[in-house]
Amino acid sequence: MAASVVKMSADRSVSTPMLHAEMTGVTRIYAAKGKTPGVHALGPVDLALRQGEFFSVVGPSGCGKSTLLDVLAGLSSPTEGKVVFEGAPVTGSVPPGIGVVFQENAAFPWLSVKDNIAFGLRREGTDPAEVERRVGYALGFMGLEDFAAAYPSQLSGGMRQRVCIARTLVMQPRLILLDEPFGALDAQTRLLMGDELLKLWRETGATVMLITHALDEAAMLSDRIAVMSARPGRIMEELETGWPKERDSRIASEDHFGQITSRLWKRLREESIKATARGGA
Amino acid sequence: MSRAGTIRLLFVVLCVGALEAACRGGLISPQFVIPPSVMAAHLWQLLIDGTITADIVETLSNVLMAVILAVSVGFVCGAVLHSLPRLRRAVDPFLATYYAVPFFAFYPLLIVIFGLNALPIVTIGFLFGVVAMIISTINGLDRIPPVLLKTASVLGMGPVRTALMIKLPSAAPHLFTGTKLAIAYSFIGVIAAEFIMSSSGLGYSIAYAFNSFDNRTMYALMLFIILLVTLINAVLYMWEQAIMQRRGS
Ligand SMILES: Nc1ncnc2c1ncn2[C@@H]1O[C@H](COP(=O)(O)OP(=O)(O)OP(=O)(O)O)[C@@H](O)[C@H]1O
Ligand SMILES: [Mg+2]
């Protein structure tokens, strides 16, 4: 099944965009273990991330979104197919230049917020003054200045997630993969965090892949959106939003925003029903 | 002090007071139990005149040896078993039923092997403590959230760094629990072993006082052991609290 490509506006691109990461014919099957049967979680999936774009993935729960992220990052190997990042095949380990914010809380409970954020930099032997500078910036950016000395257990789920985002950002990755990073936040905060993410994306010039279950979030933030089917997750549709690079949550009031979300919902409704019927919710 | 703490202290004071009153009032014969105040006074006496210093040093060094062995060997065995699932499945039933084995039955054998010295005693203390440490280590390693290991992979950390900087601190609370248990069990093992078959140490001295109807010394030593163990546990508890308060998990 070839994914249909939908353009929601006139094509503004002038030159052909450079590929940053690519998946071809990727499937992932979790092997049977004892009495639990094997799970065909993903694919086959073809996916191409363009240099510097903001790409989102939406799909029903349990459709294999996190699996897609793991395979793309090199955290788990595809059962079939291949993954390429910056021209080199991804095999067995995470290539430098990729940053990941996971769906689960990944803050180190034994380190303070500040030490959590600085962890990766210190490991790389970055100059202490530079660590201080970058961590200070990230703390400010994420609104965590007052909690620099706090421990993750003292923070709310949303704040812990921000710690993880900051920890990823300070490494200055060229490809940032985010797995439902705002899942624990209320709708308003989520929109504002979305704005922050956009600002960050523009400032760093990094390629972003955001996994989300919030259609409005995807519609507002992305250049392109992939819609996944129920498990085994395939990409049913790729949709180009055509938003200008300078955008923020105010576009949520535009007609075009409504068109994108309703288009996404139309594609997802059936798949979500399938996933729910299977007890995937 | 917290309300629970006050009640706890009150309870201890009441019990000791009741025992004191019962002994003084003739309700309990001094051949049976002596008043706590006499125990404490006699203990003080024994401590300052140095009669039991050598025994204390001996017992504590036996316990220390047993604990160091139990914690280090337990940790290594736990880590190895964790990394070899098949071996672990094979050994699991032994670990589960381990504490049902009365090691003291092997005491004569240990003496035959090691001779009549401190080694059989240390071995018993070690045998008591080691499995608690193995089980706690496996537990701690099992409970490392997979996402932390993924984070290590993203940061390009190799197996050694991941073990030292992620796995170890993540499992630390369980390792601490294991160490606490190993200390408690080793204490039990060492004192009991000294009690049965030894010619020195606190356990032996209690047995000796008992056999020579020296109630004052016997109770003074018992009091000493209780106080000592309480102190050690209090220190460990406070240390643990200080660490865990921050981690909150
Ligand atoms: N390690 C694993 N072993 C076996 N099955 C797995 C494993 N990880 C995921 N699965 C299964 O693969 C399927 C896809 O999981 P995945 O976590 O990728 O979905 P998801 O779209 O991220 O879900 P969610 O919306 O809940 O985040 C699910 O059915 C899940 O149960
Ligand atoms: Mg997921």
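Note on naming: letters A, B, ... go to the chains in the order of the sequence lines (proteins, then strands), and numbering restarts at 1 for each one.
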Q: Please determine, among B:Pro145, B:Ser170, B:Ala172, the option with the most heavy-atom pairs under 4.5 Å with chain A.
A: B:Ser170
(Q) Are more than 12 heavy atoms, taken from residues, nucleotides or ligands other than B:Phe114, located less than 6.0 Å from that residue's CZ atom? (A) yes
Q.
Show the nearest heavy-atom pair for residues A:Ala107 and B:Leu148, with the distance to one decimal.
A. O-CD2, 4.0 Å
(Q) Around atom CD of A:Glu80, are there more than 12 heavy atoms from other residues, nucleotides or ligands closer than 6.0 Å? (A) no
Q: Go through A:Arg167 and B:Thr151 one step at a time and tell me if the side-chain contact (heavy atoms from CB on, under 4.5 Å) criterion holds.
A: CA-CA 10 Å; A:Arg167 188 173 66 191; B:Thr151 303; 3.3 Å; yes
Q) Is it the case that more than 12 heavy atoms not belonging to B:Arg8 sit under 6.0 Å from its CZ atom? A) no
Q) Using non-hydrogen atoms only, which part of A:Leu75 is less than 4.5 Å away from chain B: side chain, backbone, both, or neither? A) side chain
Q.
Rounded at 0.5 Å granularity, tell me how far CG in B:Leu155 sits from CZ in A:Phe119.
A. 6.5 Å
Q. When heavy-atom pairs shorter than 4.5 Å are enumerated against chain B, which of A:Trp110, A:Phe108, A:Phe102, A:Tyr151 gives the highest number?
A. A:Trp110
Q) Hey, what do you get for CD (A:Glu104) to NZ (B:Lys150), rounding to the nearest 0.5 Å? A) 6.0 Å
Q | Toward chain A, the part of B:Pro169 with a non-hydrogen atom under 4.5 Å | A | both
Q: Evaluate whether atom CE of A:Met159 has more than 12 neighbouring non-hydrogen atoms of other residues, nucleotides or ligands under 6.0 angstrom away.
A: yes
Q | More than 12 heavy atoms of other groups within 6.0 Å of A:Glu145 CD | A | yes
Q | Which portion of A:Ala106 sits near chain B, non-hydrogen atoms under 4.5 angstrom | A | both
Q) Nearest heavy-atom pair of B:Val147 and A:Asn105: which atoms, and what distance? A) CG1-O, 3.4 Å
